[in-house]
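Structure record follows, encoded as structure tokens.
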Amino acid sequence: MDYTFNAIEAKWRQIWQERNTYKVTEDLTKPKFYVLDMFPYPSGAGLHVGHPLGYIASDIFARYKRLKGFNVLHPMGYDSFGLPAEQYAIQTGQHPAITTKENIARYRQQLDLMGFSFDWDREVRTSDPSYYKWTQWIFKQLFNAYYDLTLDKAAPISSLIETFEKEGNSQVQAVHECEQHFDAPTWAAFAPAEKEAVLQQYRMAYLAESWVNWCPALGTVLANDEIVNGVSERGGHPVEQKRMMQWSMRIKAYAERLLQGLDQIDWTDALKEQQRNWIGKSKGSSVHFEVKDSALQIEVFTTRPDTIFGVSFMVLAPEHPYVDQICTADQKVAIEAYKQQAALKTERDRQADVKNITGAFTGAYALHPFTGQEIPIWIGDYVLASYGTGAVMAVPCGDQRDYDFAKHFNLPIPSIFADQDISEAAYTEKDAVIANSDFLNGLETKAAMESAIAAIEQKGIGQGKTNYRLRDAVFSRQRYWGEPFPVYYQDGLPQLVDDALLPVTLPDVDAYLPTEDGEPPLARAAKEAWSCQLGERMEYNTMPGWAGSSWYFLRYMDPHNKETFADPEKLAYWNQVDLYIGGSEHATGHLLYARFWTKVLYDLGFLQFDEPFAKLINQGMILGKSAIAYMGPDQKMYSLDMLPAEKEGFREVRILIDLLNDDESIQLDALKAWQPQYAQQEFVCNADGKVLVKREVDKMSKRWYNVVTPDDLCEKYGADTLRMYEMFLGPLEQSKPWDTKGITGVHGFLKKYWRLFHQNGHFEVTDAQPDPAALKTLHKTIKKLTDDLERFSFNTGVSSFMICVNELTEQKCNNRHILEQLTILMAPYAPHICEEIWAQLQPLSPSIFTAEYPIFEPSYLTESTFDYPVSFNGKMRYKATLELSLTSDEVKDLILAKPETQKWLEGKTPKKVIVVHGKIVNIVL
RNA sequence: GCGGAUGUGGUGAAAUUGGUAGACACGCCAGACUUAGGAUCUGGUGCCGAGAGGUGUGCGGGUUCGAGUCCCUCCAUCCGCACCA
């Protein structure tokens with residue numbers, strides 16, 4: 001009987017669906033386990049073999065946990081708002097909802113082919129109104145919250161308003177940007193617009209004018225992580241800085257907790273380090289410098305307060321608000337010229353141009369807070385307006401950029417480090433002894449910092465301070481295909497739409513582009529196209545892509561709830577995601593925002609956990625191997641081995657990898673039929689009459705013609721083979737090029753497994769007592785497999801199955817007990833074939849996933865003897881089989897008496913003999 | 001520049017606590033069976049060497065009876081951040 005994988009897989013896919021095998025409900029009698037994949041954006045290209053890699057791993061783990069008796073939540077859905085569908089809509093006029101629906105159908109079909117154990121009843125789509133109703137609701141909670149520093153958590157804005165009414169804002173400890181101080185009567189006297197303007201500076205979700213990355217070609221604002229090398233990630237359009245009224249999220253308030261929280265979760269160091277980097281905590285001190293002949297004080301932030309006596313000038317960012325006020329009349333022209341020059345440069349140019357030192361003198365001087373010395377104030381574009389206070393105290397002897405600036409403009413470089421040479425470069429290490437610094441003299445960095453901060457605080461000119469690089473996240477986009485805000489404007493003030501009117505559904509528009517006067521696409525919607533129409537107008541912006549993905553893992557717990565985003569009891573039952581698998585490209589985007597929202601929801605009492613993902617694994621990317629052919633100047637296509645040494649005039653063309661034979665030669669007729677430009681193609685063949693191509697590793701993508709789809713492989717080898725092969729390729733975390741060649745090995749293995757049950761043309765197992773050799777093989781495999789799964793080593797798991805089947809074949813084992821246990825072990829990896837075998841073994845059982853996971857019994861592995869490797873000076877020479885009951889001394893004597901030992905001793909007396917019981921013998925000569 | 005990861009046969013890789021380097025596969029070589037095979041089976045396969053043997057985990061050093069694994073210097077590749085005060 002042959003292994004007819006196509007028929008078997010189709011059969012079980014249907015049965016699982018009919019029986020709803022993978023449906024899961026809350027079950028308090030079982031421990032829960034939540035296995036989550038990063039849900040995909042359903043693109044028009046469909047899935048390639050790289051996408052399912054993580055899904056296969058998580059599916060294996062989910063099935064394993066289920067067999068182990070856990071109640072496993074393993075859902076899937078779609079991150080279905082996004083730019084590609086909108087771009088397609090702009091080009092074709094087709095509503096993005098239609099495109100999205102079609103793409104989802106295709107994804108579903110492909111995912112089903114792979115035999116995943118998702119509970120599809122829990123599917124979520126971020127673009128579905130029943131889902132984004134709750135995204136809007138969460139936005140409202142953020143709007144109605146502020147960060148209370150005394151409680152160190154988010155709290156309702158209503159309690160802040162109460163405080164304002166009682167005592168104004170002078171005693172309020174909160175994260176805010178409000179410069180204004182007011183008492184209760186003043187607050188009461190504020191007009192509604194004034195009150196709202198104040199509140200906006202406290203709200204977690206707030207409207208403010210901010211510098212944004214504006215992409216004119218796309219007509220929208222982009223987040224930092226949507227920009228790659230200064231151009232938009234999608235489309236590669238230029239991006240410029242622009243000041244605009246935007247919704248933002250006060251994520252900065254959570255900087256410290258987002259940092260601390262990393263210690264509680266099991267993620268890779270690489271990923272944690274990326275988040276730490278992004279949050280960018282630095283400790284130091286603020287210092288105020290008085291400006292000579294002026295009431296102004298310039299505040300700087302420094303991480304090296306110990307070097308304060310080394311300050312010889314100050315540098316402000318060209319955009320710093322004080323520049324115009326302090327600039328002297330005779331420097332006005334130079335400063336204006338420099339400011340204009342700096343403004344012309346895009347942020348990208350400013351970054352690229354590290355070598356060029358530019359700046360201008362304002363003519364003004366600051367006074368050193370300790371020495372009273374006059375310090376020239378310069379402006380320079382190496383100081384960023386958006387970080388710290390937009391001003392630095394320059395310590396040229398201790399900072400290389402300050403040093404370069406000083407050298408370039410001939411500013412003094414006083415030394416404050418004992419015995420350090422600063423004639424060539426700044427001394428940036430933190431291990432020098434401070435000198436020429438009054439009360440800091442003779443101190444080392446750490447002590448000097450402490451006493452400098454103490455002195456600064458005592459003088460009242462600053463204080464010890466922690467700074468974060470993390471910026472508040474811009475939350476509005478001028479796009480169509482995203483969540484509408486639950487916001488309208490009344491007297492120009494933003495107001496929330498009442499819960500009863502949610503969701504505010506996406507209105508139809510006549511075109512998916514900004515309006516003539518630059519308003520977002522939603523401004524095109526007719527009044528009656530809106531599901532509700534309040535105030536003067538609705539908010540025309542939509543939410544960014546990360547809105548829906550910041551909480552989808554919560555909705556899976558209770559996807560159909562109409563009363564709340566998820567029932568508190570269900571949230572409590574499923575709790576954190578126990579295992580999250582996805583790509584590392586989301587390190588500073590999605591994974592940070594999801595943690596942020598989780599913490600806010602926790603603070604507001606909606607969740608019982610404040611970290612969403614307890615353990616996270618990044619799967620590596622599967623790369624494609626492009627086929628590169630060479631076109632000569634004569635327009636002929638040359639075989640790789642027929643290229644002349646001089647390749648002048650030759651160009652590389654990528655051709656579809658499906659047109660290749662196994663020996664990397666082109667199927668010439670197929671190429672001619674592929675694209676019209678090759679219909680009449682002539683070739684320069686090699687001696688074998690072939691045209692060979694070069695293979696190069698690229699990202700797997702349609703545009704490189706190197707895509708391999710899971711569909712073809714499922715058809716040819718079956719989903720079980722593909723699942724196992726993807727795992728067999730190597731460690732999950734590692735990126736690797738896709739190579740289909742090895743798949744026959746895995747396919748052959750499944751056939752060999754099948755043959756264990758079908759030796760005489762029909763299914764046959766014996767019920768006899770299993771023999772010790774088979775039991776040993778089985779239990780060795782149980783132990784190895786379980787260990788491998790617990791450390792997510794899926795590739796070595798597959799090897800263990802191969803070893804097991806090889807050994808059982810060798811032993812001619814067709815014992816029911818042994819093969820049944822093996823089948824359960826293998827079911828997470830190859831569910832279809834194992835379910836089919838199981839149905840033969842246990843006809844009354846509804847599914848192999850109701851079986852019990854095999855229990856490892858160590859006694860089957862106990863041995864009475866051991867093959868001791870005997871090594872001389874650490875080099876293994878021969879093996880000696882000895883009883884394990886022997887003591888180390890007895891082993892030593894027996895080994896020394898062996899003729900092989902005498903041979904290798906070459907007449908010498910061993911200096912030392914090391915016996916590690918049950919491991920090794922080493923003889924030192 | 002800073003941070004992180006990786007480096008082992010012709011190829012993908014394994015070696016979990018310092019204890020037989022190269023498991024398991026692919027490929028290749030030889031053979032069996034077959035009208036035929038992209039089927040199946042058997043044997044071999046790190047490199048050098050006829051062999052005995054030597055040698056071998058990016059380079060160089062160290063610790064150890066013993067190092068792919070621990071420590072130090074350097075090199076290469078990939079990823080992230082980057083004028084962050």
Side-chain angles (χ1 to χ4, degrees), chain A residues 2 224-225 268-278 280-282 284 300-304 307 314-315 317 350-357 380-384 386-395 398-402 404-405 428 467-470 584-585 587-588 618 620-621 662 716 725 728-731 733-746 748-749 751-752 755 784 787-788 790-791 793 795-804 806 867-879 910-916 918-925:
Chain A
D2 284 342
N224 281 329
D225 42 285
T268 61
D269 288 342
L271 198 63
K272 286 185 180 182
E273 205 51 41
Q274 267 187 65
Q275 291 216 342
R276 286 195 189 104
N277 248 322
W278 194 259
K281 180 179 184 173
S282 53
V300 301
F301 172 74
T302 176
T303 55
R304 295 294 302 273
T307 64
M314 293 184 82
V315 187
R350 259 166 89 161
Q351 275 174 28
D353 202 8
V354 182
K355 292 276 172 289
N356 250 329
I357 296 158
D381 68 4
Y382 81 94
V383 177
L384 305 175
S386 52
Y387 182 75
T389 60
V392 300
M393 55 175 228
V395 183
D399 183 284
Q400 193 56 45
R401 289 152 306 146
D402 295 348
D404 295 339
F405 195 85
T428 55
N467 220 20
Y468 299 93
R469 211 180 55 120
L470 184 71
S584 59
E585 67 272 21
T588 51
N618 289 126
M621 204 193 305
D662 283 349
K716 203 165 168 187
Y725 182 56
F728 189 57
L729 276 176
E733 304 85 348
Q734 220 162 81
S735 286
K736 52 233 155 186
W738 177 261
D739 191 338
T740 312
K741 275 185 183 145
I743 201 168
T744 53
V746 175
F749 153 73
K751 283 200 256 186
K752 203 165 175 179
R755 278 200 300 275
K784 181 81 166 79
D787 289 353
D788 284 350
E790 293 295 342
R791 66 192 175 101
S793 178
N795 54 328
T796 52
V798 178
S799 311
S800 305
F801 287 126
M802 290 174 169
I803 293 167
C804 181
N806 286 347
D867 286 350
Y868 276 95
V870 181
S871 56
F872 294 76
N873 287 337
K875 192 82 198 161
M876 205 279 286
R877 294 303 182 181
Y878 75 95
K879 281 183 193 172
K911 282 192 188 129
K912 204 170 175 185
V913 178
I914 285 138
V915 177
V916 183
K919 274 263 168 75
I920 199 168
V921 177
N922 191 21
I923 297 169
V924 186
L925 293 176

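Convention: sequence-line order gives letters A, B, ...; per-chain numbering from 1.
- B/C81 atom C1' lies 17 Å from atom CD of A/Glu585, rounded to whole Å.
- Across the C1' atoms, B/U11 and B/G46 are found 13 Å apart, a figure rounded to whole Å.
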### Message
Does the protein touch nucleotides 16-35 of chain B at the base, only the backbone, or not at all? Give it as B, S and - per nucleotide, heavy atoms under 4.0 Å.
### Response
B--BB--BBSS---------
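- Summarising the geometry, the separation between NZ on A/Lys272 and C1' on B/A5 is reported as 16 Å, rounded to the nearest angstrom.
- Regarding contacts with the backbone of B/C84, a side-chain N or O of A/Arg401 is found under 4.0 angstrom from either OP1 or OP2.
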Anything under 3.5 Å between a protein N or O and an N or O of nucleotides 8-10 of chain B, put it in a table, one pair a line.
none

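- Taking 4.5 Å as the limit, some side-chain heavy atom of A/Val746 sits within range of a side-chain heavy atom of A/Met802.
- The P atoms of B/G10 and B/G58 are separated by 14 Å, rounded to the nearest whole Å.
- Between the side chains of A/Asp404 and A/Gln400, at least one donor-acceptor pair of N or O atoms lies under 3.5 Å.
- The minimum heavy-atom distance between A/Leu925 and A/Asn873, with the atom names listed, is N-OD1, 3.0 Å.
- Residue A/Lys716 contributes atom NZ, which lies 12 Å from atom P of B/G38 at whole-angstrom precision.
- The separation between A/Tyr387 atom OH and B/A82 atom C1' is 13 Å, rounded to whole Å.
- Regarding A/Asn277, its CG atom lies at a distance of 13 Å from the P atom of B/G80, rounded to whole Å.
- Within the structure, every side-chain polar atom (N or O) of A/Arg877 is placed at least 4.0 Å from both OP1 and OP2 of B/G53.
- Look at CG on A/Asn467: it is 8 Å from P on B/A85, rounded to the nearest Å.
- In this structure, A/Arg755 atom CZ and B/U40 atom C1' are separated by 7 Å, rounded to whole Å.
- Summary of the strand contacts: A/Gly280 and A/Lys751 both lie near RNA chain B, and taking for each the nucleotide with the nearest heavy atom, the more 5' one is attributed to A/Lys751.
- Rounded to whole Å, atom P of B/C84 lies 10 Å from atom CG of A/Asp402.
- Taking atom C1' in both B/U77 and B/G27, one finds a spacing of 25 Å when rounded to whole Å.
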